[in-house]
2 protein chains.
Amino acid sequence: MTSPVYLQIFENIKNQINNSELKPGERILPETALCKLYETSRATVRKGLALLSNEGYIYSIPGKGCFVQTPQQNRYLVYYDEMNNLINTVDQTRLLEVNVIVPDDHLANSLQISRSKNVIVIRRLFFTDGEPIAYDLKYLPYVKGMPIVEKEIETATFPEMIPKNIPLLALKKNIVIYAQIPSGEVKEHLRIRDNRALLVVEQKLFDSDNRPVGFGITSFKSDYIKLEGVSQ
Amino acid sequence: MTSPVYLQIFENIKNQINNSELKPGERILPETALCKLYETSRATVRKGLALLSNEGYIYSIPGKGCFVQTPQQNRYLVYYDEMNNLINTVDQTRLLEVNVIVPDDHLANSLQISRSKNVIVIRRLFFTDGEPIAYDLKYLPYVKGMPIVEKEIETATFPEMIPKNIPLLALKKNIVIYAQIPSGEVKEHLRIRDNRALLVVEQKLFDSDNRPVGFGITSFKSDYIKLEGVSQ
DNA sequence: CAGTGGTCTAGACCACAGC
DNA sequence: CTGTGGTCTAGACCACTGC
């Protein structure tokens with residue numbers, strides 16, 4: 001059971017970094033030296049180094065060498081789907097409103113459009129087992145000829161609402177996560193009588209030219225959502 | 001201004017996927033065909049394909065071919081540092097308690113230890129401009145000879161509390177994020193009089209053998225924390 | 001069996017760092 | 001100038017797939 005040479009190189013150097021035999025900022029052996037050390041070709045050495053670089057252990061500077069990266073310890077990969085999370089799944093949605101509005105300053109700024117442009121607003125409720133568990137607001141810049149079919153919107157997730165001429169997969173998305181006490185209207189819609197916290201997730205969608213194409217605010221009843229992340 | 005061939009291959013195929021000319025599950029041209037198409041060597045083609053694979057656009061099955069990956073649209077890279085976030089920085093900490101306790105069921109389960117083992121509990125408050133903004137609980141399995149120096153613990157971030165014999169960088173970390181209404185004790189420590197939500201971040205640390213080495217619960221006053229994520 | 005991707009060799013030329 | 005990493009070639013052998 002012998003692993004490929006490039007993997008051995010990868011594992012060896014990775015372990016040296018994890019054991020602090022190689023410290024952040026330190027230079028590692030040049031490729032030619034690793035070729036001699038492992039008695040292999042440069043392509044094989046480079047494949048091992050590419051792995052280390054991909055996983056954030058090292059970086060290279062042309063003409064100078066390869067150096068140990070200072071570790072990124074605070075980055076987590078988080079899964080977020082407004083319809084599904086660690087402890088709950090939305091099984092029903094209700095459309096409260098579809099409208100065309102003129103944006104206020106904050107919204108115009110978020111969508112990077114002028115205040116004279118029209119914006120489509122979509123308000124929905126998400127349900128699980130007949131209970132309202134989230135209040136959802138979406139804003140889309142109004143594009144001429146954009147089809148607004150209420151039935152479609154009712155169950156669509158955010159990226160599906162974006163006009164079809166923007167390639168779906170090219171979308172960049174940002175999220176912002178925070179906690180909040182529900183305001184009057186939201187409290188009523190979510191049938192909250194006692195004190196209850198909300199987990200709010202704001203979502204901003206960008207096209208491939210980094211222009212905002214959607215802004216959403218989804219407010220979850222706190223006992224129906226947990227987000228999970230794993231370190232990178 | 002001509003880019004390397006492997007980058008052209010990468011961009012071309014990436015665009016074909018984003019424009020749905022290539023659909024998820026579809027097979028892409030075999031490496032030898034791409035060699036002819038781009039009039040280049042197999043190593044160069046493979047470098048382009050490796051990039052596509054790293055970024056999650058394709059996957060390969062030995063003996064069969066390369067296929068377009070069904071897109072992962074719901075994964076975000078989130079930065080979380082208990083002392084620093086998008087809207088606030090902790091400038092002071094206060095140690096409330098350092099103790100050795102016997103874990104309850106839930107804690108013993110979280111740390112994957114028997115209920116007869118000892119656990120160190122550390123309770124702290126985080127401050128910004130003299131105001132308490134977060135209540136912090138850490139649990140560490142008790143290891144013989146583990147130094148507990150209160151002054152050190154007072155300002156240490158979680159990974160720094162883990163005994164020195166575990167290589168720092170080998171730590172895997174999980175986080176769970178949710179919202180909550182503060183309970184009596186937390187409410188008092190954070191000097192919360194009105195209705196206020198908490199954003200709670202649970203953190204679990206593992207060593208390189210995937211054994212839990214720490215469990216933490218940090219409860220932030222909602223107006224002092226926002227977490228940000230970008231799509232992958 | 002032929003076709004595919006996975007690994008590897010032994011060279012080559014280039015641009016850039018630093019002396 | 002030498003040494004470095006970045007790109008690339010033209011082969012090779014292997015294990016696996018599907019016919």
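Just so it is clear, the values below take in all heavy atoms, side chains as well, and ignore hydrogens, waters and symmetry mates. Here is the naming used below: chain letters follow the sequence lines, and residue numbers restart at 1 for every chain. Treat the numbers as computed from the prediction; the structure is a model and nothing was measured.
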Spacing of [X] atom [atom1] relative to [N] atom [atom2], expressed in whole Å:
X	N	atom1	atom2	answer
Tyr38(A)	dT7(C)	OH	P	17 Å
Lys36(A)	dT4(D)	NZ	C1'	14 Å
Phe67(A)	dT4(D)	CZ	P	11 Å

Measure from the side chain of [X], starting at C-beta and using heavy atoms only, and say which of [options] lies closest.
X	options	value
Glu31(B)	dG5(D), dG6(C), dT9(C)	dG6(C)
Pro30(B)	dT4(C), dC8(C), dG5(D)	dT4(C)
Pro4(B)	dT7(C), dA10(C), dT7(D)	dT7(D)
Arg27(B)	dT4(C), dC8(C), dT9(D)	dT4(C)

Given protein heavy atoms under 4.0 Å, the one-letter contact record of nucleotides 12-19 of chain C, with B base, S sugar-phosphate only and - none, is simply B---BSS-
Closer than 3.5 angstrom, by distance alone: can the side chain of Asn19(B) be matched with the main-chain N or O of Glu21(B) as a donor-acceptor pair?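 Between the backbone of Glu21(B) and the side chain of Asn19(B) there is no qualifying donor-acceptor contact (under 3.5 Å).
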Taking only residues two or more places apart in sequence or in another chain, which ones pass side chain to side chain contact (heavy atoms under 4.5 Å, CB included) with [X]?
X	value
Asp136(B)	Glu82(B), Arg124(B), Phe126(B), Lys138(B), Thr218(B)
Glu228(A)	Leu86(A), Val176(B)
Thr70(A)	Pro24(A)
Asp223(A)	Arg196(A), Lys221(A)

Within the structure provided, determine whether Tyr80(A) and Ile175(A) are in side-chain contact (heavy-atom separation under 4.5 Å).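 Yes, side chains in contact.
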Intra- and inter-strand pairing of DNA chain C, written as dot-bracket with Watson-Crick and G-U pairs under 3.5 Å and | for the latter, reads ||||||||||||||||.|.
For Asp129(A), which residues count as a salt bridge (charged side-chain N to carboxylate O under 4.0 Å, His left out) partner, sequence neighbours excluded?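 If we apply the salt bridge (charged side-chain N to carboxylate O under 4.0 Å, His left out) test to Asp129(A), skipping adjacent residues, there are no hits.
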Any residue meeting salt bridge (charged side-chain N to carboxylate O under 4.0 Å, His left out) with Arg75(B), in chain and number order, not counting sequence neighbours: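 For Arg75(B) there are no salt bridge (charged side-chain N to carboxylate O under 4.0 Å, His left out) partners, ignoring immediate neighbours.
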Going by side chain to side chain donor-acceptor pair (under 3.5 Å), name the pairs with one or both residues in residues 4-13 of chain B, residues two or more places apart or in two chains.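 The answer is Asn12(B)-Tyr38(B).
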Ignoring backbone atoms, establish whether [X] has a side-chain N or O less than 4.0 Å from OP1 or OP2 of [N].
X	N	answer
Thr32(B)	dG3(C)	no
Tyr6(B)	dT7(D)	yes
Thr44(A)	dT9(C)	yes
Ser60(B)	dG6(C)	yes

Name all residues meeting the ring pair (Phe, Tyr, Trp, His ring centres under 6.0 Å) criterion together with Phe67(A); count only those two or more places apart in sequence or in a different chain, and write none if there are none.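 By the ring pair (Phe, Tyr, Trp, His ring centres under 6.0 Å) rule, Phe67(A) matches Tyr59(A).
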Output side-chain donor-acceptor pairs under 3.5 Å for residues 47-56 of chain B, partner residues at least two apart or in another chain, one line each.
from     : atom 1 : to       : atom 2 : distance (Å)
Asn54(B) : ND2    : Ala50(B) : O      : 3.4

So if I take residues 45-53 of chain A and measure heavy-atom distances to DNA chain D, which residues fall below 4.0 Å?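 Output list: Arg46(A).
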